K.L.:
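Next up is a structure, given as structure tokens.
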Amino acid sequence: MEYYNIYKAEINSLEEYLRFIKDYYEKSNQEIWYRGHWSDTWELKPNLYRNAEMITGTEDKITVLQYNFVNFKNEFLKLKDEIISKNLFDISGLNNFHIMFIAQHYGLLTPILDWTTDPLVALFFALDGECHQEEDFPVIYILKPCLSNAHSNLCYSDKKIFENPICIDNTDKLFNMLTDDLNNTPANHAPIAIFSKLDFSHRICKQSGKFTLHGAVGPLNYAWNDITIRDEKFVDRIKININAIKEIKEYLSALNINKDTIYRGISTPLDNICDNIKKQELEIFKESIARANKAFVQD
């Protein structure tokens, strides 16, 4: 197994991957979450912020760093209305965090990233693609959620810091605190690791889903996953040798880890609804940016 400056290891087989995960878990002695990317060129950034633009002011004027991006709350309210009006499923027992988790898994633009506690599920997503460019390759990100929360801008009312991921099942009031102004949220300093104990979505349950919530300023202004606190990184990463992809995917298939078991069907009405809402809000955002740019040029 070879080691690199920014990658903890290069994986050349499923056996190597499992051995690495076992060793890493034993050495870290804390909860670990995983996320797979088909390409190392993909940023570890929520999809809500991938089309964001910095808000600029008058030349030479000092201002607060902020970004324009798709209006998440508009998207979110549209989705809730669609779920209720079309009676897609009963949301009476769910809070806004739960619905945001569902929205993320069905393609809406959100300020969260989904993670998994299952390293084989992360490996599936890392290898779920067709072909690579000349120099890119799959990667697995390994997050220490306790470390991230301990250095976020959240604390308990008695000033104790969070030392574990936050269960959001009974904390719906926290939703607005974290999402009303994503340019000014406690999640700007470090992502906030959150999860649910409830089984309300096949996809989330099957994928052993966990989440990090991100503010706009942090993910866009610096690579948060490169943060090191007392010589310990929030996130480590490993690369997958592209020559090993075929064989590893065959093993995953034999283990019944595939699109059918991960998604239980590729397309559902909720997939289509989220896709339509996302497209509508992206168009609104692009039009608003075009108007702002035109006004800036005229000034």
Side-chain angles (χ1 to χ4, degrees), residues 6-9 17-37 43-46 95 97-98 100-101 104-105 110-123 125-126 139-175 177-179 182 185-199 204-205 207-215 217-219 221-238:
I6 60 172
Y7 294 96
K8 295 289 286 185
Y17 180 66
L18 296 176
R19 188 186 311 123
F20 174 88
I21 295 298
K22 177 178 179 293
D23 292 344
Y24 188 96
Y25 174 78
E26 290 175 348
K27 290 175 183 176
S28 63
N29 194 32
Q30 60 182 291
E31 185 168 349
I32 301 296
W33 295 358
Y34 308 90
R35 178 178 172 89
H37 280 198
E43 293 183 278
L44 201 58
K45 179 189 298 183
N95 65 29
F97 279 111
H98 298 134
M100 179 171 66
F101 292 172
Q104 169 69 9
H105 272 263
T110 76
I112 58 178
L113 285 173
D114 40 319
W115 300 77
T116 176
T117 56
D118 188 335
L120 291 179
V121 170
L123 187 60
F125 282 109
V139 293
I140 305 286
Y141 290 97
I142 306 174
L143 171 72
K144 300 167 184 172
C146 299
L147 185 66
S148 189
N149 276 10
H151 293 92
S152 73
N153 278 350
L154 278 184
C155 66
Y156 290 105
S157 56
D158 60 4
K159 298 184 179 180
K160 289 181 181 178
I161 63 171
F162 285 93
E163 296 180 348
N164 295 295
I166 300 170
C167 177
I168 50 72
D169 292 334
N170 298 305
T171 57
D172 202 29
K173 289 182 179 179
L174 186 61
F175 181 81
M177 181 198 300
L178 294 179
T179 63
L182 290 165
T185 169
N188 272 341
H189 182 60
I192 296 169
I194 52 181
F195 73 101
S196 171
K197 293 181 180 178
L198 304 181
D199 181 4
I204 297 173
C205 181
Q207 297 173 27
S208 304
K210 309 288 183 179
F211 302 86
T212 47
L213 190 145
H214 300 244
V217 174
N221 197 38
Y222 60 85
W224 69 270
N225 46 295
D226 286 329
I227 296 174
T228 300
I229 302 288
R230 298 187 186 93
D231 295 326
E232 186 174 10
K233 294 191 67 176
F234 280 44
V235 178
D236 281 315
R237 66 195 105 179
I238 57 178

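Quick caveat: nothing in here was measured; it's all calculated off a predicted structure.
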K.L.:
What are the two closest heavy atoms between Tyr141 and Val235, and how far apart are they?
P.N.:
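Closest pair (atom of Tyr141, atom of Val235, distance): CD2-CG1, 3.8 Å.
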
K.L.:
If I compare all heavy atoms of Asp118 with all of Tyr34, which pair ends up nearest, and what's the gap?
P.N.:
C-CD1, 4.2 Å

K.L.:
Please give me the minimum heavy-atom distance between Ala122 and Tyr17, naming the atom from each residue.
P.N.:
CB-OH, 4.4 Å

K.L.:
Is there a donor-acceptor pair closer than 3.5 Å between any side-chain N or O of Trp224 and the backbone N or O of Leu44?
P.N.:
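Pair found, side chain donor or acceptor close to backbone of Leu44.
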
K.L.:
Which heavy atom of Gln104 sits nearest a heavy atom of Phe211, and at what distance?
P.N.:
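So the two residues come closest at CG-CE2, 4.2 Å.
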
K.L.:
Hey, mind stepping through Asn95 and Lys173 against side chain to side chain contact (heavy atoms under 4.5 Å, CB included) and telling me if it holds?
P.N.:
CA-CA 9 Å; Asn95 65 29; Lys173 289 182 179 179; over 6 Å; no

K.L.:
Quick one: does any side-chain atom of Thr185 pair with a main-chain N or O of Gly215 as donor and acceptor, under 3.5 Å?
P.N.:
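It does not hold such a pair.
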
K.L.:
Could you tell me whether the side chain of Leu143 reaches within less than 4.5 Å of the side chain of Arg35, counting heavy atoms only?
P.N.:
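Not touching, per the 4.5 Å side-chain cut-off.
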
K.L.:
Compare every heavy atom of Ala190 with every heavy atom of His151, then report the nearest pair and how far apart it is.
P.N.:
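Where His151 meets Ala190 most closely, the heavy atoms are O-CB, 3.7 Å.
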
K.L.:
Given Phe234, which of Leu147, Asn225, Thr228, Thr212 fulfils the side chain to side chain contact (heavy atoms under 4.5 Å, CB included) condition?
P.N.:
Leu147

K.L.:
Considering all heavy atoms of both residues, which atom of Ile142 and which atom of Phe20 are nearest to each other, and what is their separation?
P.N.:
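That would be CD1-CE2, 3.6 Å.
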
K.L.:
Side-chain contact test, heavy atoms from C-beta onward, threshold under 4.5 Å: evaluate it for Tyr24 versus Asp236 and give yes or no.
P.N.:
yes

K.L.:
Is Pro111 close to Met100 at the side-chain level, that is, under 4.5 Å between some pair of heavy atoms?
P.N.:
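Yes, side chains in contact.
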
K.L.:
Classify the ring geometry of Phe101 against His98: parallel below 30°, tilted from 30° to 60°, perpendicular beyond 60°.
P.N.:
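Phe101 vs His98 ring planes: perpendicular.
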
